[in-house]
Amino acid sequence: MNEESSPDDRPQSDGWYGRLRRALKVDPPDREDLRALLGEGHWREVLSPEELAMLHGVLQVAQTQVRDVMVPRSQMVVLEHDAPREDVLRRIVESGHSRFPVIGEDRDEVIGVLLAKDLLRYFVESPDELFSLARWLRPA
């Protein structure tokens, strides 16, 4: 960009990161200053609402502790590898989750992950086939 170009003449191909760097012109001293800058109204002209939300999320996740997002093993909703179809379906509906560790003999033996959407495919594509949870497992 030459010195006579206006901000509106800048190429848009460099995406949100390039627009953010140009708009800042200086590095914010710390994370809180960056959050404050992103909270200012003029950013709505530089970044889309989705981009601003993403940046706020990145700043928040960077400070999240693992213990804040992990579920204790004793509270995990798991499916047993040999559970009947009705039990699997009931547990999925009751929990409202979308992903389920499938365990072998105990909770320490995770043999795969079942996605609820994959199980829906079974009910749509092959409801009369013998139910096999192993067919729908994804790697853990």
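Since the structure is predicted, the reported quantities are computational estimates derived from the model, not experimental observations.
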- With a cutoff of under 4.5 Å between side-chain heavy atoms, which Ile, Leu, Val, Met, Phe, Trp and Tyr residues group with Ile103?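 Under the 4.5 Å side-chain rule, Ile103 groups with Val71, Met76, Val78, Val110.
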- Message: Under 4.5 Å side-chain heavy-atom separation, chaining through any Ile, Leu, Val, Met, Phe, Trp or Tyr, what else clusters with Leu115? Say none if it is isolated.
- Response: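 The other cluster members (ILVMFWY side chains, heavy atoms under 4.5 Å, direct or chained) are Val113.
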- Item | Under the salt bridge (Lys or Arg N to Asp or Glu O under 4.0 Å) test, residues paired with Arg91 that sit two or more places apart |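 Scan of Arg91 (salt bridge (Lys or Arg N to Asp or Glu O under 4.0 Å), adjacent residues dropped) gives none.
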- Which pair of heavy atoms, one from Glu80 and one from Val102, lies closest together, and at what distance?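 Closest heavy-atom pair between Glu80 and Val102: C-CG1, 4.3 Å.
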- Closest heavy-atom contact between Val88 and Ala83?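 Closest pair (atom of Val88, atom of Ala83, distance): CG2-CB, 3.8 Å.
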- Task: Would you check if the side chain of Glu51 reaches a backbone N or O of Ser48 as a donor-acceptor pair within less than 3.5 Å?
- Result: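 Answer holds: yes.
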- Item | Main-chain N/O of Glu109 paired to Asp106 side chain as donor or acceptor, under 3.5 Å |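 Between the backbone of Glu109 and the side chain of Asp106 there is a qualifying donor-acceptor contact (under 3.5 Å).
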- Those residues that, when tested against Phe100, pass ring pair (Phe, Tyr, Trp, His ring centres under 6.0 Å) (two or more places apart):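 Per chain and number, Phe100 pairs via ring pair (Phe, Tyr, Trp, His ring centres under 6.0 Å) with no residue.
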Hey, can you pull the donor-acceptor pairs under 3.5 Å for the side chains in residues 124-135, sequence neighbours left out?
unit_1, atom_1, unit_2, atom_2, d
Glu129, OE1, Arg135, NH1, 2.8

- Can you measure from NE2 (His97) to CG (Leu114) and round to the nearest 0.5 angstrom?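 Output value for this atom pair is 13.0 Å.
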- Could you tell me the separation between the CG atom of Leu119 and the OG atom of Ser98, rounded to the nearest 0.5 Å?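 Reported to 0.5 Å precision, the distance equals 12.5 Å.
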- Message: Are Leu120 and Ile92 linked, directly or through intermediate hydrophobic residues, by side-chain heavy-atom contacts shorter than 4.5 Å (ILVMFWY only)?
- Response: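 Ile92 and Leu120: separate clusters.
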- For Arg85, what residues pass the side-chain hydrogen bond (donor to acceptor under 3.5 Å, both in side chains) criterion, not counting sequence neighbours?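 Listed in chain order: Tyr122.
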- Should we count CZ of Arg99 as having more than 12 external heavy atoms under 6.0 Å?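 Counting other residues, nucleotides and ligands, CZ of Arg99 stays at 12 neighbours or fewer.
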